[in-house]
Amino acid sequence: MGAVEELVARAGGCAVIDGGFATQLEALGADINDPLWSAACLIARPLLVKEVHLQYLEAGADVIISSSYQATIPGFLARGMSLDEAEDLLRTSVKLALEARDEFWKSTLRKSKPIYNRALVAASIGSYGAYLADGSEYSGSYGADITVKKLKDFHRRRLQVLAGAGPDLIAFEAIPNKMEAQALVELLDEESIQVPSWICFSSVDGKHLCSGESFAGCLQILNASEKVAVVGVNCTPPQFIEGIIGEFRKQTKKAIAVYPNSGEVWDGRAKRWLPAECLGHKSFDALAKRWQEAGASLIGGCCRTTPSTIRAVSKILKGRAGH
């Protein structure tokens, strides 16, 4: 039994993923207005990164995701760091999550009735578009000169370093197009990565990837890979999730992970978040219960969700009183 299946079984059939990382860093006073986004805190405020992990563990997360989504070697080099320093920061992102998990687990074991599972640590790898920070992570259009080979070359060293840092999982997040999915699957084989992976897509309409390509075509690629243990979507509006799970259930036998954003919409002109209208009268945790019933094995939150969101999700999915 793989690490993911074991965790899902221990969690009673549905494991809880943590919530928005940058959202919580900001809530604790971090300034993430930076091309490196939340990864800037790996340089400036590593203890705050660890504190966010601890808050999500306390809230009931069974999987915590490292703060490396926008941490790339070219991004760190552009900041004036050496290659060694850049690679060390990638390792640090996993190390901080592992330390938080191990410390939290030790404190849990001291309690007479532990109500938590020993969490898994997923090393986050964002898309090529996330590194560009030019909006292409939301459109999937990388330009005519980008090829599968170029995408593999871009991701290769970061994948090697993160996989070597000791995570339980690799989480490829918010992948917006089929070409990048193909590149990642080939790369996992070429590098003989032994750490199980998940690949999550992003969608703006609930029917296709951000690029407009079909989920079915991408899932065909992932289904053929033994290295990919989990497929899913993240950073997608919550009102689309139930339909996406239904679609995925038809196309794959792999475990399904969903961790949508809060449904709030970023207004680029006014530089502020507009409230979520899509949830109607349903709360995020009530929707999470529906996603579990629809067939998701791992459920959490992305942008603008917080530890209190995850606490509510954990409570409703695991039927815990007062946790």
Side-chain angles (χ1 to χ4, degrees), residues 21-22 25 30-50 52-53 64-102 121-137 142-143 145-177 179-200 227:
F21 205 85
L25 280 171
D31 177 11
I32 54 168
N33 187 10
D34 188 289
L36 290 171
W37 203 37
S38 54
C41 288
L42 290 169
I43 306 166
R45 304 188 69 178
L47 291 177
L48 202 61
V49 169
K50 190 167 164 182
V52 173
H53 288 314
I64 56 171
I65 302 176
S66 72
S67 57
S68 48
Y69 175 78
Q70 209 140 323
T72 64
I73 292 169
F76 287 138
L77 296 179
R79 185 53 66 86
M81 298 188 158
S82 69
L83 184 59
D84 284 351
E85 286 169 330
E87 293 186 357
D88 271 347
L89 282 168
L90 288 173
R91 289 185 197 99
T92 297
S93 70
V94 175
K95 186 169 147 272
L96 289 167
L98 291 170
E99 281 174 7
R101 187 268 309 275
D102 294 344
V121 168
S124 170
I125 296 183
S127 68
Y128 175 64
Y131 153 68
L132 295 176
D134 62 357
S136 59
E137 65 189 302
Y142 290 168
D145 59 333
I146 292 297
T147 60
V148 167
K149 182 185 181 307
K150 280 187 181 168
L151 289 172
K152 285 195 289 191
D153 290 345
F154 169 75
H155 283 295
R156 191 178 306 273
R157 185 60 191 145
R158 175 165 61 155
L159 175 60
Q160 289 169 340
V161 171
L162 287 170
D168 304 297
L169 299 162
I170 304 280
F172 295 101
E173 303 192 277
I175 301 304
N177 61 38
M179 186 195 290
E180 195 156 17
Q182 179 73 49
L184 296 174
V185 163
E186 289 182 20
L187 196 52
L188 287 168
D189 272 339
E190 285 172 22
E191 296 301 322
S192 302
I193 299 296
Q194 298 307 307
V195 185
S197 293
W198 82 42
I199 294 183
C200 284
K227 307 269 183 198

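No side-chain donor from either of D84 and S82 sits under 3.5 Å from a side-chain acceptor of the other. Side chains of S124 and E173: a donor-acceptor N/O pair is present below 3.5 angstrom, by distance only.
For the pair F154 and Y131, the minimum side-chain heavy-atom distance is below 4.5 Å. In this structure, M179 and V148 have side chains that are in contact, with non-hydrogen atoms separated by less than 4.5 Å.
Between the CG atom in L132 and the CD atom in E137 there is a gap of 9.0 Å [rounded to 0.5 Å]. The distance from atom CD of E99 to atom OG1 of T92, rounded to the nearest 0.5 Å, is 9.0 Å. With rounding to the nearest 0.5 Å, the separation of OG in S93 from NE2 in H53 is 7.5 Å.
The backbone N or O of A71 sits nowhere less than 3.5 Å from a side-chain atom of S68 that would complete a donor-acceptor pair. In terms of modelled atom types and a separation under 3.5 Å, the side chain of E180 and the main chain of Y128 share a donor-acceptor contact. The closest donor-acceptor contact from the side chain of S67 to the backbone of A39 lies at 3.5 Å or more, if one exists at all. Listed for the Y142 side chain is a donor-acceptor partner under 3.5 Å among the backbone atoms of G129.
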Pair K150, D153 - check salt bridge (Lys or Arg N to Asp or Glu O under 4.0 Å), show working.
CA-CA 5 Å; K150 280 187 181 168; D153 290 345; over 6 Å; no
